[in-house]
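Here's the structure, in structure tokens; my notes come after.
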Amino acid sequence: MARSPRYPVASPCPACGHPELDVFHCQDGIPTNSCLLLDTRSEAERFPRGRMEFGFCHACGFLANIAFEEAEYSSRYEETQGFSKLFVEWAQDLAKRWVDKYDLHGKSVLEIGCGKGEFLVWMVEAGAGSGVGIDPGVHPERIDSEVADRLTWVADFYSEEYAHLEADAVVCRHTLEHIAPVGEFMATVRKAIGDRPETIVLFELPDVARVLDEVAFWDVYHEHCSYFSLGSLARLFRRTGFEVLHLELDYDGQYLLIEARPSTVPAPGEPNALEDDLEALTKGVDKYWEEYGAIKGAWRQRLADLRAKGGKAVIWGAGSKGVAYLTNLGLLDEIEYAVDINPYKTGKFMAGTGQQIVAPEFLVDYKPDLVIAMNPIYLGEIRAKLDELGLDPELVGA
Ligand SMILES: [Zn+2]
């Protein structure tokens with residue numbers, strides 16, 4: 001399969017300002033939003049499309065979709081993983097770990113991009129004194145907790161306008177990857193913290209190194225305009241005036257965790273060994289560029305063969321990964337349904353390719369032969385659900 005062209009673009013790196021990015025993967029027709037729920041198939045199929053131009057900065061290791069245009073985030077946005085027991089247990093444990101490690105007992109937490117607010121609730125339940133959550137898609141009416149009166153919600157994007165909100169800890173999870181001007185954003189956060197050196201800054205976001213190494217094209221989608229590794233994230237933090245206290249990969253190696261505090265610009269401190277990843281990232285970019293076509297082709301062939309034999313396949317996970325997977329493969333007939341355990345999604349349609357979203361119970365009558373888990377970390381949870389439903393299809397991870 002022919003490789004896509006690869007070329008340098010005179011576009012400054014949003015993380016470090018390096019004047020040129022190496023564009024190695026381009027794609028048209030990707031839905032501009034993959035977590036919006038559509039009520040009808042035709043609405044889903046007519047969903048606005050955008051372009052991907054995946055660029056790599058050889059100076060700092062940052063990756064970005066340089067063709068990104070603003071995505072819609074509203075209360076229609078349904079991104080929560082809060083219906084997965086595995087995810088909930090892990091995130092609750094993280095909330096508690098952070099409260100204990102940085103002694104946030106009785107202290108205030110500001111969460112930028114709090115989504116539906118679960119994590120902030122868990123931090124306060126774990127002992128934090130109060131929380132303010134900012135997110136355009138926040139749904140306060142879904143919050144059912146004894147600590148609800150210690151929480152404040154702001155339905156908006158974070159900006160300088162909220163610099164007056166002082167907090168002992170600033171938390172930001174799965175948000176930085178949705179922001180294009182990442183350098184400016186971190187500078188805004190740093191400026192808002194000002195001269196309060198005791199403030200703890202806690203970020204969590206997906207790791208791009210794994211995406212590149214596994215050529216995980218279902219993890220590359222429109223809302224994710226910015227992609228970080230441990231090294232590129234730590235470099236951005238230092239450059240924008242944060243001292244890196246701790247850096248690690250968690251959630252089966254899928255998520256980056258960075259714990260920092262404000263410092264001078266650039267921050268002092270030697271990079272730790274985990275940050276030395278430029279060479280590995282360069283190899284990962286080469287691999288993605290070289291193998292994308294073949295890996296996509298293998299999936300298409302497998303699904304076409306199954307259909308030719310009269311078999312049925314479904315994907316499990318009707319979020320961004322599912323939309324990206326189906327869009328990349330361009331499959332309509334080979335996969336008719338996407339399964340999701342989030343009841344708010346049942347009956348809706350996937351942006352772009354238009355598959356209907358069904359609850360796991362739907363499979364009892366549908367009887368799929370192949371279930372493709374969009375995130376392999378949930379294989380055990382999915383297998384348990386299939387067992388409960390008395391089903392035994394082949395189950396594979398994307
Ligand atoms: Zn850079």
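Because only heavy atoms are used, hydrogens play no part in the values below, and waters and symmetry mates are left out as well, while side chains stay in. Whatever order the structure lists them in is the order used to number ligands and atoms, beginning at 1.
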Inset, instruction - Quick one: sort the Y337 and F362 rings into parallel, tilted or perpendicular, breaks at 30° and 60°. - result: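 Ring orientation of Y337 relative to F362: tilted.
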Inset, instruction - Applying side chain to side chain contact (heavy atoms under 4.5 Å, CB included) between L94 and each of R97, Q92, K96, report the one that passes. - result: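 Exactly one pass, corresponding to R97.
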Legend entry - Short N/O/S contact of H18 with the Zn ion (ligand 1) (below 2.8 Å):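 So H18 does not bind the Zn ion (ligand 1) by this criterion.
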Inset, instruction - Return yes when at least one N/O/S atom of C57 is nearer than 2.8 Å to the Zn ion (ligand 1), and no when none is. - result: yes
Inset, instruction - Quick one: the SG of C60, the Zn ion (ligand 1), SG of C16 angle, rounded to 10°, please. - result: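 My answer is 110°, to the nearest 10°.
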Inset, instruction - Among F62, Y221, F24, Y292, find the one that has a ring-ring contact (aromatic ring centres under 6.0 Å, His included) with F54. - result: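 The passing option is F24.
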Inset, instruction - Treating Ile, Leu, Val, Met, Phe, Trp and Tyr as nodes and any side-chain heavy-atom pair under 4.5 angstrom as an edge, say whether V124 and I143 lie in one connected cluster. - result: yes
